[in-house]
Each structure stands twice: as C-alpha cells, then as structure tokens.
Amino acid sequence: MAEKLRLGLYWAASCGGCEIAVLEIGDRILDLIQVADIVFWPCVMDFKYDDVRAMPDGHIDVVLFNGAIRNSENESIARLLRQKCKVLVAFGSCAVEGGIPALANLYALQSLMARAFTESESTVNPAGTVPAPGHHVPEGEIELPVIYRTVRRLQDVVPVDYFMPGCPPTEKQIWAVLQAIVAGALPPVGSHVGCGDRSVCDECKREKRQVRIERFHRPHEIVPEEGWCLLEQGIVCMGSATRSGCEARCLDANQPCRGCYGPAGRSMDQGAATLSAVGSMIAADSIEKAEQILRDFVDPAGTVYRFGMSNSLLVRRLDE
Amino acid sequence: MEPLLPAIRIEIGMKPDFLEEIFEVPGGEKIKECIQCGTCSGSCPASPFMDHAPRRIIAMIRAGMRDDVLSSNTIWMCASCYLCQVRCPAGIKITDIMYGLKRIAVREGKGQPSSSEMARIFVDNINRFGRNDERLLIFRYYLKTAPTMFLSYAPLGIAMITHGLMSFGLPERIRGIDQLKAIIRKVEEEGVV
Amino acid sequence: MSDFEPRIVAFLCSWCSYTGADLAGTSRKKYRSNIIPIRVMCSGRVDPEWILKAFRDGADGVLVCGCHPGDCHYINGNHKTLGRYPVVRRMLAQFGIHPDRYRLEWVSAAEGDRYAKVVDAMIDTVRALGPLRWKDRLAAATDTLADARS
Amino acid sequence: MRTYAYFPGCSLKATATPYETSLLDVAGALDVEFRELDDWNCCGATAYFSIRETLSHAISARNLAIAEKGGLDLVAPCSACYLGLSKTNHYLQEFPELKRRVDGALAAGGLAYGGSVRVRHALEVFVQDVGIDAIEDRVRKPLDDLKVAGYAGCQMVRPYGFDDAEVPVVLDRLTAALGGTPVDFPLASRCCGGAQVMTNQPVALAMCRELLACAEGRKADVIVTTCPLCHMNLDLFQGKVNAAFGTSFHIPVVFFTQLMALAFGLQRTGIDKNIVPASPTLAGLMAG
Amino acid sequence: MPRIGVFVCHCGSNIGSVVHVPEVVQFASGLPGVVHAAEHKYMCSDPGQEMIRQAIREHGLERVVVASCSPLMHEATFRKTCEEAGLNGFLFQMANIREQVSWVTEDKARATKKAMAVVQAAVHRVVGHVPLQVGTVPVTPATLVIGGGVAGIEAALQVASSGTRVHLVEREPSIGGHMARFDKTFPTLDCAACILTPKMVQANTHPMITVHAWSEVVEVSGFVGSFKVRIHHKATYVDHQKCTGCGACLQKCPQRKIPSEFDYGMMNRRAIYIPFAQAVPNKPIIDREHCQWFQAGKCRICEKVCEAKAIDYDQDPAGWTEEVEVGNIIVASGMKVMQPTDMKHLGYGRLPDVYTGIEFERLCHASGPTEGHIVCKTGGVVKAGGRPPKAIALVHCIGSRDQQHHAYCSRVCCMYALKYAHLVKEHVPGCEVYDFYIDMRCFGKGYEEFYNRLLREDVRFVRGKVAEVTDAALYPGEDGRMVVRVEDTLVGAVRRIPVDMVVLCSALEPAEGAKALAQTLHMGCSSDGFYLERHPKLAPVSTASAGIFVAGCCQGPKDIPDSVAQGAAAAAQALAMIMKGQVEVEPTTAHVIDDLCSGCQICIPLCPYEAIHRDEARRKAYVEPALCKGCGTCVGACPSGALQQWGFDDTQILAELEGILAAR
C-alpha cells in the first residue's frame, strides 16, 4: 500500500477553539488515521519543536495552521513548518485574517500590557511585574517570545497555500477538507477551502422587508423578531459582507453575523463594505440626521473588523 | 507772459498704486467694484460743498490722482452720516474710505488744516485726559485756528453760560489714564494706522 | 511642515460637482494643484473601500463632492453618500486618522467659486495635519523576527 | 427694575447736561436703572478715526471690555458714542486682523474683550425694552396737539441702527405715545452737519437750514432730538443759521427725554435750558 | 497589457501656456502599455482627430487616452474619433488637463506635474476598459411645456406644428404671461396685444395643443423619452366644457371691489372673473375667498344668470389631478418683477405716483386703470381723468446691478425705460421726461437706433443713479411735488429735479416657486436663482437633465425677441428627439455578477428608478438596463462587489486611484 499521508496541526495566537473543532469530527478521526499519520500536533500529543527541526524539508504533506502571528514564537514556528511541509493551510479566522487577537491592533502594545498585567480591576500585581523576553532564574536565563506590536495573518510571514476561514470552521467543512486532502482533490493553490464564495445572506433564511434603518440596537438591547433580517431591524449584521460557508448558524440562533469568514465576493475590505451597505440603508436626508441615527452604531471599527483587522486595508491604529 | 499749458493729465504724473493704499481700510478693496453710479454723491448732504463729490473721489483714486484727492476739501467735508454707505450698490464702505483718506492727509500734513487740527486736538485731549472736555476742545481749537473768530463766538458762549450749559472748573482725568496710555502705546508700537 | 505638499484625491459627481469644478476653471478661479479629481456619475457610487485604499496608498486627504441634498441628479443618490459619511469618519478616527482628512462637501454646477474655496480650505486643513504616510508608518509599527532577535 | 451699564459720553457731562438729567429722571420714572460705566473713556467719536483707526477701535474696546465685566447691556444716549461703540463691536467680528491688534493692545492695559457686550441707544431701551405701552401708561400730561418733528439724525440709525436707516419711525411712535402729534418729517435721518459746525461751519449751517426749513414747512412746534450734537447744531446754532441765510426760524429743539419728562409731569425737564425759547404750544404744556 | 496611445492637446495656449506639454508627452510615452504618445495644437480639430485615427491604425492601438479639456466638453467627440478608426468608443479615456489643471493655476511646474498625474491615472484606468454599446430608449411623441408666457406659447406652437402632442401648463387663469400686460413693445413700438393675442388664441385652438390653464405641475417621474407628469388643476367652480364665455356672470356678480392681480391691485375685479378681456381660455373662474356664496352661503347670482348652466359650486375645492406621459419637457416658467418696497428712500409705497415699471405699463395700457391716460392719482386712487404729470422720472437699475439686491443686470430695463420715455412724450404733450441711467445698454437689433430716436425726442437723459425721491420741498418750484435727488455724473453736480411721477425700473427676479419647480424636475439653479443651462454658449436651452429644456426668463432676464428665440430653439431640440423616435442612453449601467450575488437585496430599495428586482427563482438581484440611469449608488453599496457599473467598475476606479497616487 502507498505511504500514509503525513499531517501536522499547529496552534499559534488563537483561543484553541480550532483544535476542538477538529476533534468535533469525533470517531471519524479513527478513519483519518487509517490513511494519515499525525506527525505534529502539540496540543494533543507530546511533540517537540526539535522533532520538527529534525525532519527533512517537505516531510509533512499538509499542515493545518491555526492562530494569528502575535509574537516571535508564532512567526518562527510558522517559518519552520512552511519549510517542513508541502501544503500549508491557514486554518480558522485567526490564521486567515487575524481574528479576535487582531483587535489588539486598535491599541498600543504598552497600554494593552498595562491593562492586562497591572490596571485591570481583577489584577493584583503590587510589584508591577510584566512579561519580559529575557528572565533570570536560578537554573539560568530563560527566554520568552517577544510580543509583536501588530498582529498579522499567517500569509504576512510565510506563503500560504490554502485559506480555511471560520471561527471556528464547522466540523462538516473540516471533514470535507480532510477528505479532499486525503483524496488529493484540493482546488488550485491560493483558494479558499471549506467555505462558499458568496455572502452569508445566501444561506440565511430571514426575510427582507425593504425598510430603511431608523435606529440601531446592540444585540443585547432588544430581542430581535425571528425570521426578519436583523440589519433591517437595526442590528449590525455583517452577513451581507461576509463569506458564506457557515450555514448562517449565528442567525439561526437569532444573533447577528460577526463576519468571521472574512470579506465576501470581490470586496477587498470587509469593514468598508459593511459600512457602505449599512450607511446606504439608513433613513437620512441630511448629514445631521445621519449622525443622529448612526450615534447608536457603537464602536464601528471593533464591530466591522471583529475578525478581520489584520486583513483590513488599514491593518491597525496609527496615532498621528 | 506765462506759457499756456494744456490741462491734460499725463499718465507719468499719476499714482496708480494709490489704490492699494486704500486697501489698508478694512474692506477697502471693494472700491474696485465701484460702477460710478453717483448714488453716494447724490445722497451726500455735504457733496454740494465739496471740491469733488465722493463718486469722483473714487474715480480719481482709481486714476491715481493722489495729490488732488488728498488736497481736496472733500475728505474733510464728510460728516460721517453713512448715507452713501448704506445705499452704495457696490457695498463700498465709503465713509471708512473717507476716514482712510483723512488719515493719509493728516500723516502727510495735506488738506484742510482747520479740520485736521480739530481732529488732532480731539485725539490729544483723549490721549491726555481719557475724555474730551468740550470747553477745552473748543478753546484750543479756535485759539489754534482762528483766534479772532473765537471772539465772534462770545455771544454763543454767553448764551450757553446763562443757560447753564457751560460749567467752570478744570478738565478731569480718568483714573485709568495710564492703562489707556498703555493701550495706545501698544498700538503705536504695532506701527499700524 | 511648511514645505509639505499634501496629496488629495477628490471624487466628484459628474452632474453637479465635476461641472462645478469645470466652471471654476472656465471662470479662471485659482486654487492649489494638490488635488486630483476622479469623476463618478454620482457621489452615491463612491465606495468607502476607495477612501481607505486612498489613505493606505499615499493620499493625505480625500474629498468627496456631490449635489446639494435635494438637488441630486439621481433624485437621492447623495442621501446614501451622506448616510455613509459620519460612520466612516468615526471609524477613521478609531484608526488614528484625523476625520478632517476625509470631507464631504456639496458643490452645485454653479458653484465654481465655492469649489475653489473648498479645495483650498481642504488643502490648508490637511497641510496643518501633516503627511499621513500610512504605508511607511505601518511598516515601522510592524515587528519581525529580525527585530525580535536584535 | 431693569438695569443697564450707562455710557454718558463727554457731551452729557458738559454741553448737554439737560439731556442727562432728563434721561436719568425719565429712567427712574420707568423703573430703569442706568449704572454709569466705571472710569469710561471718550468713545473717540468721528474725529479719532481721522487720525488712527486701530487706535480708535482700541480705546472704545477699553469701554466695551470694562462693560463686559459687568455683564450688562451698554447704553449710550449720544448717537456718536452709540455708533462708535457698535462699530468697534461689529469690526472686531468682521476683521480678525483688527481684532488681533486690538486684543494685543487691551492686554497691554491688562484688559480683554470677548465681544459679548450689546451696545444700545437710550431711545432703543425705552421703546423696545420698557415698551411703548408702559411709556403710554406713565404719561400724566399728554402733549395734546403738540406737533413734533421726530429727528433721529444719522448715527443712531446708520449703519448699525435699531431703527430704519432711511425712514426711522421710533420717534414718531414715542411722540404718539406721549399724546403728541408726529408730523411727517422726511429729513428725519438726514445729517445735521455734525462736527462740521466747528470745522466747516458754513456747510453745517446749510445742512441745518434744510432741516429747519423742512420742520417749519411741516408746521412742527418742536424738533425732538436723540443726540447732543444734533441738538447743539439745531438749537445753539439756529440763530447763526438765521443770521447766515436771513431766515427767521424759531423752532424749539428738545431731547426726546425732555419731551418724556414733560409728558410724565416730572419736575426737571430742562427745557428751559434750551437756547431757542419754547413755542406757545410747548410753553403752554410746560405751564399747564 | 493592451497597446495604449496617449494624445496631449495644447488647446492653443489654453493648456500649452501653463502645462509643459512636451514634458507630459514624454512622461506618458514611458508609462506601461503606452506604445505611442503625441501632441497637437488643437486635438479636437479635424487634423487633430485625423492624427488620432491614423495612430490607431498605424500603431494598432487598443486603448486611447486624450489629455485635453473636460470630458463634459469633448468626450463624445473623441469617442466618435475612435469609432471612425474602428476602435470601440469606450476603450477611450479622457484626461482633463484644462478646466481642472491649466485654467486653475499659474504655477507652470505644479500644473505640469498635476497634468502628468492626471494622464497617468487615465492610462492606468483605460487598461481595464471594455467595449460597450450605446443603448437607445423610445421617445413618447409628446412634449410638456411649463409656463404659458410668450416663450412657452412659441415653444408649444412650434412643437405642435409638427403634429406632435403638446401639454401647455399655466398656473394663472390665462396664458399670455407678462407680455399680455404690455401696451407697446420696444423698439418697434408695435402693440403687444396685437402680436400676442393671435398666438394665444392659436395655441388654445390648435388641435395638437392641450392648454391646462389654472393648473400646476406637481410631480415629474420617469426619465428622458418617457416622463410621467402629474398636473394639478385648481378648482374653477365653472364647467369650462359647458361655459360659452358669454360673460353674463361677470356683469352680475355683486362682489365688485376685489383688487385685480392682473393690474397689481390698481383695478378691481369680481368674485367670478377672467383676468383680462383677451384672456385665453376666455372662461371665468370663481375666487372662493371672495365669493358671497362660499363665504356667506347666499347669492348664487352667477348660477342664475348662466344660461349654459356651467356654474358648479360643488367642484372639489382641492381641484383634480391628471397624469400625462411626455417624451421631453420645455420649462418656460418666466420671472417676476421685484417689488422695491424696502427701498424706502425711493418713496415706493410711501409717496403717491411712484410706480414700478410693470405697473406703469398698465397706466399706458388702454384697458388699464386709467384707460391709457398717463395721469397722477386723484385722492390716492389711480383712475382716468386725473391731472397729467408735468414731469416724469424714469429710474434705471432698481434692484439690478446692486449687491444689496441683485448683482446681475436685468437687461430689459434700459429699453423699456426708453419705450416709456417715448410713450409719455406721445401721450402727455409738454411733459418733461427725465431718464436716470447708469449705463445705457441698448444691445439688440435696432435698439441703439431707438435710443438715438429718443435723444431726438428731447428726453432729458441724466447719467446717475437716483439717490432719493423725497417730498421735502426746500426750493422754489418743489412745493407739492416729488423731488428727485441725483448726481448728474457727467455734469459733476448734484441736482434736485421736481417731478410728478416716478417710474422705478425694478429688476426681474426668478418666478415665485422657481426653486420648488427646479426640485420637481431635478434641475439646477445658478446662485441668483435662475435655471442653469447646460452650457452658457454651446447649450443655452438644454439643461443637465436629458430631455429637459429651458426657454425665456426662467433661465435669466431677457426681452421678448430672445424669449421667443429660445422658445423656438427649445422646440427644435425637443422635436429633433421626437422625430428620431429614440434617444441614446449611456451604456454605463449597473449589472450583477451572478456568481457573487447572494441575493441580500440591499441594493433593491436604493434604486430611485426601481430598476433592480430580485429574480426569485435564482434568488439573485437583476438590473433592468432600460430603467437603470447609471448612478452607481447600488454598486457603491453592494457589500460583496457583486454589483458593478459598466465604465465605472471598481477595478477601473481603483486603477485610476493607483495612477494618481503612483505619480510623484
């Protein structure tokens, strides 16, 4: 029989949801290992980076890389795996477009550190200790990865073969992609896999009533009417500007789409696309009126780039 | 016998940039837009007594007839009633332009001595006392310009005294005279008119 | 920043503002040359993506001009434009881009003079704000392994 | 009780004292308080502009700055002061460069002016704030069949006046309220010659003549004025007009406040202080 | 990469004197894809165009960029040039380096740099151009004419004479406009009624013209070729089908003292009335506000005396509305004469016998308040038998050429003042006529000659704007008269001139409601409030809105000859369109990229023309090209880029943007 397929999975700057999502395939993982050896999956089995370093280049057939590039470790392992694998898949929203970690790009690193390690209400840190790259312990020097000021996508540090968005990708899509990998039936390099190429509205069953937006609500402020387009109800839903493939699950839960699959169709900036659509829908005939209605659209940047900050045209806040 | 010279204005003798001097008056550029309609002259209660009515003064300014304008009695005839200004279809602040011309004339010692003298004394009174004691004004003015004429005013003076319109006593000075002088000095330092 | 010459991109609707800008020329109004227009049929066509793209790729300011509300040649295309305007400005501010770098102005086909004034005013504002240099500053704010090792 | 900052100006302290006394009495009668502006300086009138423009704004800005501290409207009974102060107010808004200089000058005197002071004419305050009706109610001795030529003069109505710049009406409304009869006086806002009376007297006299002739033609018993200079030219110099033109005008000239005092039945009207003696009708009212 | 040709125009010295053209050409030839770059003194001239055609053939150009004037000026010209050389006209892009580069700065270096950036943008953009075909839409063979003044009547008659249906809408009870009030017309002095009335009647009786008098256009929808127009007919309370116009009701109506609008209140009319004797249509209407029956519930006399039984008190006071379909619209909504009431120093409204020009017209008119006798008021009333004036003042430029009112010149005042001067001389022997002018503007055919004639007729011309008109008599001969105070600027002296009548030649202003009508029609106004023509010289009667034309004073003050000429010109343009039967529409419409459209329907309510609907079967948006006007608003809003606009595709605009920002 032919040599078994060699798979690797890695977890960079992300919540770990993607790893769990993979396990979602359940018993089918047994079918998987019939045809594929998992040669690197630190989250699940005890592999060492040195094991990978020891591998010949291109040794791993496919690496599913989840998580954004937030620190020097993320980047160096990304480079290492790129070298050791044939096919690199950016797996999940963080790897594809920055994801939740990339919201950090709206702030300066120092202020984030201060908030996280000293200022936050729940923190007790009288010494004001904060992570430092180099640290001396009795056993000697230990090195911590350096945190980057700007969170980036996997494709910003190494060439990526396939993009599989989703926070996390659905188990259905994961299984489909794994099957494609095993069958060697992957689309041309550079494609998005495990998703559609239209917008979430394509899969959303809610009805449109062609009404204009009089005022905005945040999801927790009202109980939206079932079955009616949330955007028309004044809840910022990013479905129309977001790539399909999730089967509109959030909307089935009566919650707006947060846009985790990234921009739809030909749009090059998911946030701008959303603002353009939403802005066009409000019932205003003067700038003043528009301002008044949009006042309730809180934190536009954090809303429309919740998952896509690293993927956006502007990428981060830069103070003049 | 005197040779007869033609009454022609030779361009070389004109001062075309006189116009720019007027621009120092706030809003002075509007003078460019004058259409010579004569509303100002027709409105002016004093124009019948002027060497040149306001409209022609503007024309002369634009023609660069600097000396003629500054030496004319026109600018001193303006009583600042603003009638020309509120009626001017070109929105020219004519009264202010007359003030501007007065200032240039005073600076260069041109034009009606009597009028400029009056203004000078007035200003001097203020600069010294902060207020303008009318008795002092009248007194200094006529003493300076026409001592003889002063006598001819005796009847009026007496009338005023008998009607209790003229008191005696020294001119009073305002308390903040130094403050006022400081303000004046500051502006003078700026060297603007 | 006196020597700094801002680059400003203007998106002009063809019916009012582009015609107005032409009128400024026909009547020989003078304004500074830092602005380069892109003609669209209606200000409603202007996609916020273009505005972000302009800022990212080197524009220091973006001006959008359309017909006065109520006078839109396409009835109410400019209502969509003004609906997008405030929220885009607010988002720019969140990215640290001064909202005045992006302006929406109404210029009718008869307001050549106004167009000239709007342009000069915009140039003054942006010149005062200084260059944006988005790409360079973004690169400078991005760390790499090299930085980490050093 | 209405309270205002009060800017008498130089004339009311000298040649126009009857104007001030009647003004203050009438104010009292109408429950209006005029608080004299502390240590005010001369407004600069028309003469100062002829020498220094920025300066004349600076010195009148000093008055405005002092008034601003008090936070009250600034009332000037003299039209020249009224205009001088209003003009500075307007110009400081209209011309930023001028404002910069004036601010600098004020600072040198330890003052600052924010531009919040409203400059009002005494007549404006009585007719607009107190109101025609209140004035009518206060009348004790109506000016029955007294024909009054309301002479607003120029600087009270131009260019920043509160009344119509061409055909002012406020004085006529006041006259009517006092029980008198306003005569149609087409020259109501025509200039009296102002300070020309000193510098170019023949011109001023000629201007006054037109006014007096018109008033006489309209059978006015009295000309009512709102400005010390108008008053001086028409009253004090009426004799000179007659001398110069061989006319024989004898039209009494009174301040509008004197007319009010008369109609209110107050003790001091000061009308007797005027040069031209009261006409029979007027004398009658004063006696009765 | 397609083969691109760049052609830079000097436009004589218009561009060449500021932009260093050779430098631009050299720069262009270095741009990616550019295989040929050239310059020409006048690119739009025949040789210039021939140069482009040749280059296309010789160099096998697949894209063309012309850097010259505004695309609004010559885009069509050069598209045609490309077509003639076998290149689709939309593979062409214009770079405007005149109106928005060379004409707006004197800084040659900067201008040249800017021109390069503009050219580079065009070159980048044109790469992504695709061939497009101009579409056509049919034209409904009918024209709407708004306004029944002389311009509107002329336009209506011209259009109708071709056998085309015309709807002529007039908001007054009669057509005729201001001209119907005139006595004589300058400079020929022929009787206004004699030349206008026949046209009015002709219009009313013309089989192809429907006159909607006492009506207003309240809504216009649709677009060039097929406008839907809602016309509101105000209530007349008289059935004009039945009414024979016998006039019996007019005699019997007891309400006699209602000031006539037509005569500016100088005459009275009844509650049931026609505005003037020759009114067209010559059918009365009832003025509800003054009618005994409507106000007091009694009378009904008109009903009793009407043999035709035409009186109908039960008409809906709100009137009624009808909708008509037309292919194009001619706006001739006219002007109004300014009321100089706020110029108190001129005595209008204060002194008797001070009139506006148009009021004086009625004084000269045989059917006016004085039966054509120019006489002073008696007891404050204008009527015949009054004392004839010994002297009259004609005052020019009232509210015109006056920054406090209207900066513009009203163009007709000089001439009608001269006309009045003549009429006074004719009607009132021995009357002195003083004509006060700033500049005598006699620009028309035979006008200067007319002025010359009046000079011979001993009119006293005084160059100077009247400062004031007063009744303050100060000098002998002034008692009981009005005195005009003016500087005779030529003599250089102030003059006081006693007169008995003053005519204020007041300005022509945009008509009442002009702004509102402009909005109904989506038409532009210039800052003075008059309607904006598409080009002051080359397109004086068309507007920015295709299929909408302007004529007469609604576009700016003008005299009768010009108004009539414009009416005819507008008619010609309207007819040309109708005769052709179709109009070309730009192919720059929106279209849907099916694979990308998810049917989110955000675009659908955005389209003001309802050109987008959802294909339910395929659950996708569909744009109907015939309805799409090509504004691109839906494209800008589409969150997935599934909507694109031909000629304004995202890729094209972004390429243009890159071109601009790449320039250094």
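In this structure, chain C has no heavy atom under 4.5 Å from any part of A/Val151. In this structure, chain C has a heavy atom under 4.5 Å from the backbone of A/Ser286, while its side chain stays farther away. Interface remark: A/Ile282 contributes side-chain atoms only to the contact with chain C (heavy atom separation under 4.5 Å). For A/Arg152, the part lying under 4.5 angstrom from a heavy atom of chain C is the side chain only. Both the backbone and the side chain of A/Ser267 come within contact range of chain C, with heavy atoms under 4.5 Å apart. With a 4.5 Å cut-off on non-hydrogen atoms, A/Asp156 does not touch chain C at all. With a threshold of 4.5 angstrom between heavy atoms, A/Arg70 does not approach chain C through any atom at all.
Here C/Ala141 is the residue among C/Gly44, C/Pro48, C/Ala141, C/Ala140 with the most heavy-atom pairs under 4.5 Å with chain A.
Using modelled atom types, one finds no donor on one side chain facing an acceptor on the other under 3.5 Å when comparing A/Ser276 with C/Glu49.
With rounding to the nearest 0.5 Å, the separation of CG in C/Asp143 from CD1 in A/Ile69 is 13.0 Å. Atom CG of C/Leu52 is separated from atom CE of A/Met268 by 8.0 Å, given to the nearest 0.5 angstrom.
For residues 110-122 of chain C, a heavy-atom distance under 4.5 Å to chain A picks out no residue at all. Near-neighbour residues of residues 81-99 of chain C relative to chain A, defined by a heavy atom under 4.5 Å from a heavy atom of that chain, comprise C/Leu82, C/Gly83, C/Arg84, C/Tyr85, C/Pro86, C/Val87, C/Val88, C/Arg90, C/Met91, C/Leu92, C/Ala93, C/Gln94, C/Phe95, C/Gly96, C/Ile97, C/His98.
The shortest heavy-atom contact between A/Asp285 and C/His79 is CB-CE1, 3.5 Å. Residue A/Arg316 comes nearest to C/Leu138 through the heavy atom pair CG-CD1, 3.5 Å, listed as atom of the first residue, atom of the second, then distance. Considering all non-hydrogen atoms of both residues, A/Leu313 and C/Arg56 come closest at O-CD, 2.8 Å.
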